[in-house]
Q: 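Before anything else, here's the structure in question.
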Amino acid sequence: MILVVLGTHELPFTRMLKEIEKCKQNGIVEDDIFVQLGHTPFHSEVMNLVKFVSYEEMDRLYDKARLILTHGGTGSIISGLKKGKKIIAAARLKKYGEHNDDHQLELINQFVNANYILEWREEEPLADVIREVEDFTPEPFQSGKEEMVRLLRDFIEKD
């Protein structure tokens, strides 16, 4: 199963769904596709669409997924990384009215540079990235949380 996560942002992200649907219709994707739409209005005959799910259900969907296609939200990406999933992320872009700014480009770039995920950019077919992910081996995720806590503790305890 492929899990598509659009998050909870109030602006629609139909551009990504149209590409995924095209991959399914053209036989690039044979898996079942489950989409968490959020506030994106979309209808599909080839994908299972739901607006929102509970945290527990989303956790089960992440466990079940073979591949995760997601917007560039930190929580959506890290949830998959913590479970060792292969991830393709696409930034919601301001120029299409998908977000208020382009911060998701920067966020995704950091994860790509660490070799944690692959990125789909509008200038390339999503089908190419889906083919690429089959041979992609992500680096094991390290959050850096312990280092941040240590830095904060050292700062607070400094005389």
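Sequential numbering from 1 along the given sequence is applied to the chain's residues. This is a predicted model, so every value here is computed, not measured.
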Q: Once rounded to the nearest 0.5 Å, what's the spacing between atom CZ of Phe42 and atom CD1 of Ile20?
A: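 Interatomic distance, Phe42 CZ to Ile20 CD1, rounded to 0.5 Å: 8.5 Å.
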
Q: State yes or no: do Val50 and Leu6 share one hydrophobic cluster built from I, L, V, M, F, W and Y residues joined by side-chain heavy-atom distances below 4.5 Å, directly or via other members?
A: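 In one cluster: no.
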
Q: Between atom OG of Ser44 and atom CD1 of Ile33, what is the distance when rounded to the nearest 0.5 Å?
A: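 These two atoms lie 7.5 Å from each other.
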
Q: Check the hydrophobic clustering (I, L, V, M, F, W, Y; side-chain heavy atoms under 4.5 Å; chains of links allowed) and say if Met47 and Val29 are grouped together.
A: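 Linked within one cluster.
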
Q: Going from CZ on Arg66 to CD on Glu134, what distance comes out if it is rounded to the nearest 0.5 angstrom?
A: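 One finds 4.5 Å between CZ of Arg66 and CD of Glu134.
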
Q: Do Leu81 and Leu69 sit in one hydrophobic cluster, given that two such residues count as connected whenever their side-chain heavy atoms are within less than 4.5 Å of each other, even indirectly?
A: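 Different clusters.
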
Q: If you draw a 6.0 Å radius around NZ in Lys83, do more than 12 non-hydrogen atoms from other residues or ligands fall strictly inside?
A: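 Yes, NZ of Lys83 has more than 12 neighbouring heavy atoms, counting only those of other groups under 6.0 Å.
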
Q: Should Val4 and Leu126 be regarded as members of a common hydrophobic cluster, given that ILVMFWY residues are connected when their side-chain heavy atoms come within less than 4.5 Å of each other, either directly or indirectly?
A: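 Both belong to a single hydrophobic cluster.
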
Q: Please report the C-alpha distance between Lys86 and Glu132 in whole Å, then the side-chain angles of each, then the deciding distance to 0.1 Å, and finally whether the salt bridge (charged side-chain N to carboxylate O under 4.0 Å, His left out) criterion is met.
A: CA-CA 11 Å; Lys86 290 185 178 186; Glu132 182 183 348; over 6 Å; no

Q: Quick check: are there more than 12 heavy atoms from other residues, nucleotides or ligands sitting under 6.0 Å from CD of Glu10?
A: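 Yes, CD of Glu10 has more than 12 neighbouring heavy atoms, counting only those of other groups under 6.0 Å.
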
Q: Which heavy atom in Ala65 sits nearest to a heavy atom in Leu3, and how many Å separate them?
A: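 Between these two residues, the closest heavy atoms are CB-CB, 3.8 Å.
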
Q: Check the pair Phe34, Val53 against side-chain contact (heavy atoms from CB on, under 4.5 Å), reporting the backbone distance first and the verdict last.
A: CA-CA 11 Å; Phe34 185 95; Val53 297; 4.3 Å; yes

Q: Short question: side chain of Thr70, backbone of Val5 - any donor-acceptor pair under 3.5 Å?
A: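 Such a contact is found between Thr70 side chain and Val5 backbone.
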
Q: Looking at Asp101 and His103, would you say the former's side chain and the latter's main chain have a donor-acceptor pair under 3.5 Å?
A: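 Present.
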
Q: Check for a donor-acceptor pair, side chain of Thr40 on one end and backbone N or O of Phe13 on the other, with a separation under 3.5 Å.
A: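 Present.
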
Q: Please examine the side chains of Leu107 and Thr74, heavy atoms only from C-beta on, and report whether any two atoms are closer than 4.5 Å.
A: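 With C-beta onward as the side chain, the pair touches.
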
Q: In Å, rounded to the nearest 0.5 Å, how long is the span from CG of Asn115 to CG of Leu118?
A: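 Between Asn115 CG and Leu118 CG, I get 8.0 Å after rounding to 0.5 Å.
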
Q: Ignoring hydrogens and angles, tell me if any N or O in the side chain of Lys85 forms a donor-acceptor pair with the backbone of Asp63 under 3.5 Å.
A: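 At least one qualifying donor-acceptor pair exists.
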
Q: Run the salt-bridge test on Glu57 and Arg60 with the 4.0 Å N-O cut-off and return the result as yes or no.
A: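 Here Glu57 pairs with Arg60 in a salt bridge, since their nearest N and O are under 4.0 Å apart.
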
Q: Under 4.5 Å between side-chain heavy atoms, counting indirect links through other Ile/Leu/Val/Met/Phe/Trp/Tyr residues: same cluster for Ile117 and Val129 or not?
A: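 No, no single cluster joins them.
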
Q: Return the minimal non-hydrogen interatomic distance between Ile77 and Ala89, and the atom names on each side.
A: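 So the minimum-distance heavy-atom pair works out to CD1-CB, 4.1 Å.
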
Q: Where do Phe141 and Phe111 come nearest, in terms of heavy atoms and distance?
A: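 So the minimum-distance heavy-atom pair works out to CE1-CE2, 4.2 Å.
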
Q: One pair to check against side-chain contact (heavy atoms from CB on, under 4.5 Å): Glu122 and Lys95. What are the steps and the verdict?
A: CA-CA 12 Å; Glu122 63 183 315; Lys95 70 181 179 181; 3.0 Å; yes

Q: Angle between ring planes, His39 versus Phe52, binned at 30° and 60°: parallel, tilted or perpendicular?
A: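 Plane angle over 60°, so perpendicular.
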
Q: Between Tyr96 and Pro12, is there a donor-acceptor pair closer than 3.5 Å when you use the side chain of the first and the backbone of the second?
A: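 Here the side-chain-to-backbone pair does not exist.
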
Q: Please lay out, stage by stage, how Glu98 and Leu93 fare under the test side-chain contact (heavy atoms from CB on, under 4.5 Å).
A: CA-CA 5 Å; Glu98 298 163 345; Leu93 299 175; 3.8 Å; yes

Q: Looking at Gly7, is its backbone amide N or carbonyl O close enough to the side chain of Gln36 to form a donor-acceptor pair, meaning the two atoms are under 3.5 Å apart?
A: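 Checking the backbone N and O of Gly7 against the side chain of Gln36, a donor-acceptor pair under 3.5 Å is found.
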
Q: Working to the nearest 0.5 Å, report the span between CG of Leu61 and CE of Met1.
A: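 Reported to 0.5 Å precision, the distance equals 5.0 Å.
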
Q: If every non-hydrogen atom of Asp102 is compared with every non-hydrogen atom of Lys94, which pair is closest and at what distance?
A: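 Scanning both residues, the minimum pair turns out to be OD1-N, 2.8 Å.
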
Q: Work out which heavy atom in His71 is nearest to a heavy atom in Arg92; give both atom names and the distance.
A: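 Closest approach of His71 to Arg92, heavy atoms only: ND1-NE, 3.7 Å.
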
Q: For the atom pair SG (Cys23) and CG (Asp31), what is the distance rounded to the nearest 0.5 Å?
A: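 Reported value, rounded in 0.5 Å steps: 11.5 Å.
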
Q: Are any of the side-chain nitrogens in Lys18 or Glu21 under 4.0 Å away from the carboxylate oxygens of its partner?
A: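 No.
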
Q: Ignoring hydrogens, what is the shortest heavy-atom contact between Leu37 and Leu17? Give both atom names and the distance.
A: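 For Leu37 and Leu17, the tightest heavy-atom pair comes out as CD2-CD1, 3.4 Å.
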
Q: Verify side-chain contact (heavy atoms from CB on, under 4.5 Å) between Asp32 and Asn48, making sure each step is shown before the conclusion.
A: CA-CA 8 Å; Asp32 290 337; Asn48 182 8; over 6 Å; no

